[in-house]
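In this text the structure is predicted, and so the values were computed from the model without any measurement. The figures that follow rest on heavy atoms only: side chains count, while hydrogens, waters and symmetry mates do not. First the proteins, then the strands, lettered A, B, ... as listed; each starts at 1.
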Protein chains: 2
Amino acid sequence: MKTEKVDKRQAILEAAEKLFCETGYEGTSTRQIAKESGANMAMINYYFGSKEGVFVEIMNERIAGFASQLKIINEDKISALEKLHRVIEGYVNRILSNTAFHKMMHRELSLTQRPAMYDKIKDAMSHNMQLIDRIITGGIEDGTFNKVDVRMVIATIMGTITNIVIAPQKVMPCSNFDLNNPKDKKMIKDRAIAHLQDLTTVYLTTKK
Amino acid sequence: MKTEKVDKRQAILEAAEKLFCETGYEGTSTRQIAKESGANMAMINYYFGSKEGVFVEIMNERIAGFASQLKIINEDKISALEKLHRVIEGYVNRILSNTAFHKMMHRELSLTQRPAMYDKIKDAMSHNMQLIDRIITGGIEDGTFNKVDVRMVIATIMGTITNIVIAPQKVMPCSNFDLNNPKDKKMIKDRAIAHLQDLTTVYLTTKK
DNA sequence: GGAAGTTAATCAATCGTTTGATTAATTTTG
DNA sequence: CAAAATTAATCAAACGATTGATTAACTTCC
């Protein structure tokens with residue numbers, strides 16, 4: 001059994017992720033991270049070399065966690081539509097279970113500078129994209145899907161989810177709605193999944 | 001009438017917007033703004049009071065420009081589908097003609113801090129949302145549209161466009177693609193409009 | 001000549017990082 | 001086993017650089 005002593009390295013990572021999510025990378029100072037984590041400022045550079053090193057480590061851990069989550073879906077002997085529905089369900093669940101991180105990732109992606117970060121995020125997302133791409137392309141080739149603009153459909157699926165995460169009050173205009181409330185989150189998850197599955201079903205399989 | 005001499009005030013606004021888009025608000029220094037605009041640093045505070053004042057002014061001018069652009073569509077004696085198609089066309093054109101600003105706006109929207117900006121952006125976007133909402137709801141009520149999750153459809157339309165703006169290389173995986181190239185931008189505009197119009201037509205009007 | 005515009009110089013505050021020293025735990029050695 | 005040597009973890013303090021902002025002097029223009 002692990003000792004009860006607090007792991008400062010981990011504390012720094014968690015505090016930094018929280019602060020990066022709330023105030024952005026540039027908007028967060030190493031002193032804030034130190035204060036929030038209860039660690040000394042020097043520990044940040046001791047463990048991670050630099051402030052950017054902390055960010056990179058957060059990304060690496062997250063991406064590793066995500067990568068270990070996929071893979072299985074595409075091998076199943078099920079229809080392309082069923083595959084797509086499962087991917088949507090998994091994708092919505094994952095992102096809406098990590099809204100703060102996803103917001104941060106998206107924010108940093110929209111910065112043209114900081115190419116190391118940009119490439120890392122892009123690589124992480126491209127796995128999902130390729131998975132969806134193969135499923136839809138496969139469905140088109142075997143005739144179960146209409147011929148559509150595949151990359152645009154992917155942009156629609158991912159964009160819809162991102163939009164819900166970043167501006168949930170646009171979807172739920174009630175004033176007391178809160179994405180951190182588990183009950184509200186569950187509701188929006190179910191609505192998002194139902195909507196995207198319905199949308200893709202109708203758009204991809206309706207014979208004109 | 002204004003003289004022909006370079007308007008430093010305007011130069012500061014344009015330089016600041018460019019830099020805020022590229023490196024974020026926190027990531028841009030007043031010295032960079034001064035250098036890029038060719039103005040002295042003190043001019044920033046002279047005209048706008050503070051760095052944040054520059055940001056607020058950029059937002060105000062943009063939002064004012066946007067507001068003066070809508071309105072007409074919803075009064076025309078055309079079908080709900082035709083209205084929606086026109087809104088999509090206008091929305092895609094507007095956002096893809098101001099990609100840098102839209103990226104910045106989206107980034108600031110995802111920060112929980114800076115509530116004044118957040119509310120300003122939210123209000124600006126809610127006009128578009130209400131317009132789309134009324135069109136779709138109207139179409140459902142007169143029976144031309146299927147009964148759908150209206151807010152989710154809006155999230156899909158807006159999310160798709162935002163996704164294309166922020167991560168265009170996901171849609172166009174060619175290495176030499178550039179959103180700043182007018183030819184490439186035109187192509188992606190047309191594709192986005194065609195896709196969203198096709199998607200909404202099929203999804204909203206297909207009889208099951 | 002006086003208001004508006006512009007400048008270089010300067011301000012206190014904060015930035016990310018580094019330092020040298022200290023503690024606590026572990027390994028090596030006699 | 002216990003003293004000595006080594007290592008990892010932590011700390012307060014300070015580093016030089018940069019931040020947004022301000023000052024006071026200078027120029028331009030009506």
From NZ of B/Lys35 across to P of D/dT19 the rounded distance in Å is 11 Å
Are any non-hydrogen side-chain atoms of A/Met158 and A/Asn128 less than 4.5 angstrom apart? yes
Quick one, B/Ile140 and B/Val150 - any side-chain contact, counting heavy atoms below 4.5 Å? yes
If we count only N and O atoms by modelled type, under 3.5 Å, do the side chains of B/Ser97 and B/Asn93 hold a donor and an acceptor together? no
D/dC11 P sits how many Å from A/Met43 CE, rounded? 7 Å
Side-chain N,O (B/Tyr46) to OP1/OP2 (C/dA4) below 4.0 Å: no
Student check: side-chain heavy atoms of A/Tyr203 and A/Val153 closer than 4.5 Å: yes
Is B/Tyr47 near enough to C/dT6 that one of its side-chain N or O atoms lies under 4.0 angstrom from OP1 or OP2? yes
Pull out every protein N or O sitting under 3.5 Å from an N or O of nucleotides 21-23 of chain D, one pair per line with the distance.
residue : atom : partner : partner atom : Å
D/dA21  : OP2  : B/Lys51 : N            : 2.9

May I ask you to say whether B/Glu108 pairs ionically with B/Arg62, meaning some side-chain N is under 4.0 Å from a carboxylate O? no
Only pairs at least two apart or in different chains count here, so list each salt bridge (Lys or Arg N to Asp or Glu O under 4.0 Å) that has a residue in residues 34-43 of chain B. B/Lys18-B/Glu36
Rounded distance (Å) that lies between atom P of D/dG20 and atom CZ of B/Phe55: 14 Å
Nearest-Å distance, CZ (B/Phe20) to C1' (D/dG20)? 12 Å
From CG of B/Asp7 across to P of C/dG5 the rounded distance in Å is 9 Å
A/Leu96 versus A/Leu179: any side-chain heavy-atom pair under 4.5 Å? yes
Taking 4.0 Å as the cut-off, does a side-chain nitrogen or oxygen of B/Ser29 come that near to OP1 or OP2 on D/dT18? no
Do A/Glu17 and A/Leu13 have side-chain heavy atoms sitting under 4.5 Å apart? no
Relative orientation of the end axes in the helix from C/dG1-D/dC30 to C/dG30-D/dC1, expressed as an angle to the nearest 10° (five pairs per end): 10°
